[in-house]
Q: 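One structure is given below, represented as structure tokens, and several questions about it will come after.
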Amino acid sequence: MVEPILTVEGLKTHFMLREGMLKAVDGISFSLAPDEVLCIVGESGSGKSVTAQSILRLIDPPGHIVDGHIRYRDKDLLALSEREMEKIRGDRIGMIFQDPMTSLNPVFTIGEQIAEGLREHLDLGKKQAQDRAVELLRSVGIPHPEERYKDYPHHFSGGMRQRVLIAAAIACEPDILIADEPTTALDVTIQAQILKLLADVQRRLNSALILITHDLGVVASMADRVLVMYAGEMVEYGDVKTIFEQPKHPYTIGLMNSVIRLDDERDDELRSIPGTPLVPINPPPGCAFRSRCEAALAACATEKSRAHSVADGHLVSCHLIPRSGDNDS
Amino acid sequence: MLRFIAGRLVLTIPVLFGVSVIVFLLAHLAPGDVTTILAGPFATEVVKEKLRISFGLDQALPVQYIKWLGHILQGDFGTSIANRRDVADLVFPKFVNTAILALSSALLAYIIGFFAGIFAAARPYSFSDRIVMGVTLMLGNAPPYWLGLLIVLLISLNWRLLPATGMTNIMGGGGAWDVFLHLIQPMLTTAAAPACIVARIVRASMLEILSQNYVRVARAKGIRRSLILRRHALRNALPPIVTICGLQLGYLLGGVLFVEVIFAWPGIGNQLWQAIQARDIPTIQGATLVIALAFVVVNLAVDAINAYLDPKIRASERAGAS
Amino acid sequence: MSKLKFKRLLGAVAIAGSLAFAGGAATEVKAEGGTFVWGMSSEMSILDPHVACGWLTTNAIHSIFEGLVMLDLSDPDAKSAPLKPAIAKSWEVNEDGTVYTFAIRENVRFHDGTAVDADVVKWNYDRFMDSGAEHAFDQAQAYLGYYTRWIKSVEVTGPMSVKITLNETNYEWLQMGVVACGMPMIASPTAIQEMGNEQFALTPVGTGPFKFIEREQNIKLVMDRNEDYWGENAKIERLIFQPLPDQATRLNAIRAGEVSMIMEAPWEELENLKNEGFTVTINENIPSIWLLFFNHKNPIMQDVRVRKAINMAIDRDAIADGILKGTGRPEMGMLSPGTYAYKPGYAPVKYDPEGAKALLAEAGYPDGLDLDFDIYEYGYNEVWEKSIQRDLKKVGVNAKLNKIEWITYMGKFLKGMPEELHMNEIGWGWTIPFWTQVMTRCDYHPPNGFNVGWYCNPEVDKLFDEAVKQKDKAKAAALYQQANDIIIGQDFGYAVKFTYKNPLVLSPSVKHFVNPPANWYDFSIIELE
Amino acid sequence: MRFHLRILKLAWYAYAKDNAALGALIFLAIIVLISLLAPLISPYDPAAAVADIAAQPGSEGVILGADVDGRDILSRLFWGGRIALLVGIAPTVAATLFSLVLGLAAGYIGGWFDQIVMRIVDVVFAFPLVLLAIVIAGVLEPGVWTVILAISIALMPYIARLVRTTTMNVKQQPYVEAARAGGAGGLAIVLRYILPNMIPPVLIFATTLIGLMMVVGSGLSFLGLGIQPPDADWGIMVAEGRGVLRKAPHITIFPGVVIVLVALSFNFIGDGLRDALDPRRRSR
């Protein structure tokens, strides 16, 4: 196997709220090959976005990364200084957020907002950065990029803004692109265009992509590997074929069933699993999913299952699933 | 931009008209017959009546108002009853003194407020944030006249560091340095409350902006934190801050009265206070009118700056111009 | 006109702007004699002596101007101030006290260089008494009426000689010209003709020991020593009156060494100031008393027993010591201190609440009565009026205090009390006992005078008529005291309360300051160390 | 009804969690109680001299010392609370009620009525608040009602603007449109839909203003334009003490500290209310 470009180990990101400790991400591990597409799926509030932001260390108080390692190439990102981290962000790892309407600064032109990152990382002059930004705008499919360079965000539609944001994220040709539900806020017709653009960009740059989504259709069409999250924890992790064809964890099985049953409405939210998701504030011991799990064991109430390998590259956290004979690879 | 300002100016005219009506009517709320002061205690009714006629006090209110307004528009603010000189001569130099105090206080308040606010916003909910915000809240709620007394007690009376009264050394001073020494204490007193209010609004606006998605995007782009604070956050937080700063400057114009009284600063507030005590109606009218005018101008300036800062207005102007 | 105003405004802005560049170019010229700064409790009025009133203004007027005669205020031990020659180097009064002949001093010049002669004196008298004169000033004529009503004619009898003839004998008349409201002083005709009445009042020109330099309204009035003064030059180089209306500011200013003298320091602070090295001077012979007028048109107040009872019910010691902390002295007579007729310690009745109660019962008010009492809102008077209200309460009198803003009050006061009102108040006095006449004579009922309580006793008026005809001051004083004993001791026509000794605080560097039996001071004798 | 109750409960829950606001509320409750009970609990008559002039704090009998007339400062603080709170609360309440009616009417009726009302408001708005209050109080006879009137007038435009803006916003909400389409009358819409939406912002604003107005009111008294001596008021107490600032600073300092604390409390309560009533800010 190729050397992974990014490795996340035992990542824990917690939020100290007045109501108690929100364990938004509680022990996530995965690795990413240089040209791989990883999809992180799960319901709202399962910790997908926090995981993505943790990688770039964009977590603000009261949130805090309390444990774990994030390794990019040979660097431990959690050990870097803020200044060193700023050099990674946008340059080596780019990120796209879910709400293009609020992700652009209303008081600067869109061109400025693309050129800004270029000047920060590539040490380009004003003119060079501007030329490059126009090129980028063209590459993400903005018509008349020279003229639109000087426009303010309020002149742009949501889909166009997301294109601008993608242009900004890929400006420095990063090794890793993180897209946090990039299409959620967009019209259905635009969604496909944006996803296609993302796929094109990923292929063109030959970069790794972490795509956060709850749309299993997207997962099926784009992912190499899939990470399923529930209440801040990883419940299952494996290649896309395995997850879709041989899901092991009851939650993943539920997800897959819901997709199959509602095949023609796959962009709908995943709400066919009975019960409501657990909000992991001061969570009780044991498995977070057990209250919604039909097959819960006594052990599920007292002890979390550790992620264990059931096949090569396929990890599951569930007491129901016996460990495979071998250790994790 | 120009169109916007022109529009605002047009809107200001009825406001100014209303202001003049209120200022005029204020005089007629006041009890007492001004002719008694003018003519002295020995004056006969005949002399008083003559005076009343010469002041136009025998005419109907609307007539008096129109005449008064006509004079005001020609720069004639009437004659002070207590001092028997042109109110304009009394009020304008005093207004300049007040402007010196108010502007320097505002500047000080903005600088302190900005730095304290950004300092606190850059480390929200930390210990230093709480301390800074706690102090500003205390100072912001302290009555200025009380604060001034404490300052003068400490600096002038106990430490004997700075002069306690006036604007220049009355025994023969003058010059910028002398004025500056006299300015320090009133300036500190005046600046305290607005500095705190500015600090709080700067902090709140910055935090509001720092939690915006586009700031997160900028961070994800790897923009340096200092640059984010300066470029993205401050630039967006500016409109409410400018509004508050402008309002504070306006309030300073009215609120320096307490400070001017305590420090005997020869400003328009002090003049107004003495005019109130002497029931010197023309001076009260003149001083009030000048302060209200200044307030209106400051508000206009704030609107103009905010319009300039708003890309939508700027862009639409550009589109309209091309 | 408007252009001019605008230019002035621009000028002011430019000055303010240039301050920033002036950079420590302070021009502090320490002339010999030094600068004396008086921190005053309020701004003065205009400085035209013929239409000016109020004792702060008087202080400035008496420094800049002189009349034919002036009061000699240099004797610290004087009980009442004697006259001294000024513009007139001497004067003669004829046998029946109706013709005054003045010899005008040679070599007296106004600050603008104009020389003083008999014509100048006549010109000034015409200004405030001859309504037919070209330069007559009707406001001045109103102000000075109390003085000019006695005058039959003013004649120039030589280049340096003026003869003034009175309607009737009056030996007090000369001193009536040195009271504090509307002063018959000699102003520069050249200046008045050049500037006009309005401007002259702002930039006055006189002959006094100090000349007007500049005045910034509510900031300062600056006067410099008149180097060409006919008499002995003032010791100090510069005299500044600085209005500091706020009491605490005045205190701060003198403590910080920014002024040389302040008035109206808090009574509680006087002791501390002394300990800090400041001089506190008290005006023992101040010609001023605080009194209540009884309304003699009101049925209740017409009963002498009620008036006497109120006189007995007021605890004057409590005000003088308790409230004023020794800066007041109880008084009962209508002759004010500082005049030659003053009788110290005059007290026909004593503080006696029980006796007062009994008297009221006798008058038909065993269960007490309600009285309406107008007071004005100015300074501290409410503090002692409240104290009197409490005193009256003790004898069953419910006094309702109607507090009225000063100007409104003056308007109402001068009209005389309406029948339903029972009492009102004033604090006042002149350096001559004639003031008592103005307050009590039958023919001085409003609008002709200040007898606002409508008191009238022809017997008293007869004594007064005699008094002004006495050349001998001792005889005049005796007549006044006799009248006073009727007004108070017999009729209890007024309730006099106390005299307020108006303490001043002087910085340690001030020497030879005299607190005279008057309401104003001679600044030319002060020295600074 | 049940729905409203739950919102209130939730709001209180969030509110009570805010320690500063809760502390401020308790502190204010104590101040109000003390002021109300002043006649019963004051150690001395606030107008009577009971100790040495300017007696230091801790002198016999007078815990906080005595003022320049030997009156007990503690008792005067108790009594002064009545006026200070009245001067803070009464104008704010009066201006709020008046502005509610005016702003609602202007915002709801709109058109020329709105234009006229708002132009008048603009005119009053063109004066700095403190200045307007001083001038109005200055030309009228001084006294507690003058202060209340002066501050009420000066305060009115601020609240009226807020009320009108909120009215305009709510008026355009779909559910109001729906109610109107459903035949609800103007008054019903105002009372049922607009007024309830008005309460949170106005309540928050007014609470914060009370503290400020207390400072302004005491300032008027300080200048001699408000409550007249010998009545006790915190502003007057500061004013009376400044003559002896050097020797007896406690006379000036104590009432000033009380003003700051009470004004601060209203601020905290306003902040607490905002957090409680505005779910968006609750987590902060």
Side-chain angles (χ1 to χ4, degrees), chain A residues 16 49 52-53 55-62 82-109 112-122 150-155 161 164-165 168-172 174 177-178 180 185, chain B residues 1 120-130 133 203 205-242 305-322:
Chain A
M16 283 140 229
S49 296
Q53 289 172 29
I55 293 170
L56 278 181
R57 282 180 38 193
L58 293 176
I59 303 297
D60 285 326
E82 183 62 23
R83 189 73 201 92
E84 287 167 320
M85 192 63 215
E86 280 163 358
K87 286 186 178 140
I88 303 264
R89 290 186 199 130
D91 188 36
R92 296 331 318 145
I93 307 177
M95 187 156 174
I96 300 151
F97 293 89
Q98 54 178 304
D99 186 2
M101 299 310 286
T102 59
S103 290
L104 283 167
N105 193 329
V107 300
F108 297 119
T109 64
E112 284 172 326
Q113 297 189 54
I114 294 171
E116 181 181 44
L118 289 166
R119 300 183 62 186
E120 182 79 34
H121 294 297
L122 303 183
K150 289 202 175 75
D151 279 350
Y152 284 94
H154 66 267
H155 295 121
R161 289 190 198 196
V164 170
L165 285 159
I170 62 170
C172 302
L177 202 53
I178 302 174
D180 183 359
Chain B
M1 207 50 221
R123 37 186 82 62
Y125 308 105
S126 67
F127 183 69
S128 43
D129 171 33
R130 307 246 168 199
M133 285 300 113
R203 178 183 178 274
S205 309
M206 290 288 281
L207 281 185
E208 178 90 36
I209 299 300
L210 285 175
S211 73
Q212 294 293 320
N213 276 335
Y214 54 78
V215 168
R216 209 173 45 182
V217 170
R219 284 174 66 195
K221 279 192 278 187
I223 311 298
R224 269 167 291 144
R225 192 164 175 75
S226 56
L227 204 61
I228 287 179
L229 279 176
R230 253 197 342 260
R231 246 172 84 82
H232 289 262
L234 202 54
R235 179 63 182 69
N236 279 283
L238 227 41
I241 296 173
V242 168
I305 293 174
N306 271 341
Y308 174 76
L309 288 175
D310 187 340
K312 286 185 191 168
I313 292 183
R314 238 190 320 176
S316 73
E317 287 282 333
R318 203 180 54 191
S322 62

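Naming: A, B, ... by sequence-line order, numbering from 1 per chain.
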Q: Report which part of A/L56 has an atom under 4.5 Å of a heavy atom belonging to chain B: side chain, backbone, both, or neither.
A: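 The answer is the side chain of A/L56.
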Q: Which answer fits A/I93, side chain, backbone, both or neither, if we ask what part of it has an atom under 4.5 Å from a heavy atom of chain B?
A: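 Just its backbone gets close to chain B.
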Q: When only pairs under 4.5 Å are counted, which of A/N105, A/T109, A/T102 shares the most heavy-atom pairs with chain B?
A: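 Of the options given, most contacts go to A/N105.
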Q: Under the salt bridge (Lys or Arg N to Asp or Glu O under 4.0 Å) rule, collect the residues that match up with B/R225, sequence neighbours excluded.
A: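 B/R225 satisfies salt bridge (Lys or Arg N to Asp or Glu O under 4.0 Å) with no other residue.
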Q: To the closest 0.5 Å, what do you measure between CG (A/D99) and CG (A/L104)?
A: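 Reported to 0.5 Å precision, the distance equals 10.0 Å.
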Q: For A/Q113, which atoms come within 4.5 Å of any heavy atom of chain B: side chain, backbone, both, or neither?
A: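 Backbone plus side chain of A/Q113, per the 4.5 Å heavy-atom cut-off to chain B.
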Q: Can you tell me how the ring of A/Y152 sits relative to the ring of A/H155, calling it parallel under 30°, perpendicular over 60° and tilted otherwise?
A: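 If you compare the ring of A/Y152 with that of A/H155, the planes turn out tilted.
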Q: What residues form a side-chain hydrogen bond (donor to acceptor under 3.5 Å, both in side chains) with A/E116, not counting sequence neighbours?
A: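 Testing A/E116 for side-chain hydrogen bond (donor to acceptor under 3.5 Å, both in side chains), a comparison that skips the adjacent residues, returns B/K221, B/R231, B/H232.
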Q: Under 4.5 Å from any heavy atom of chain A, what part of B/L227 do you find: side chain, backbone, both or neither?
A: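 It is the side chain, since no backbone atom gets that close.
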Q: Between B/R224 (side chain) and A/E86 (backbone), is there a donor-acceptor pair under 3.5 Å?
A: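 Pair absent, no side-chain N/O of B/R224 close to backbone of A/E86.
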Q: Go through A/R83, A/M95, A/E82 and name the one with the most non-hydrogen pairs under 4.5 angstrom from chain B.
A: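 Sorted descending by pairs with chain B, the first entry is A/R83.
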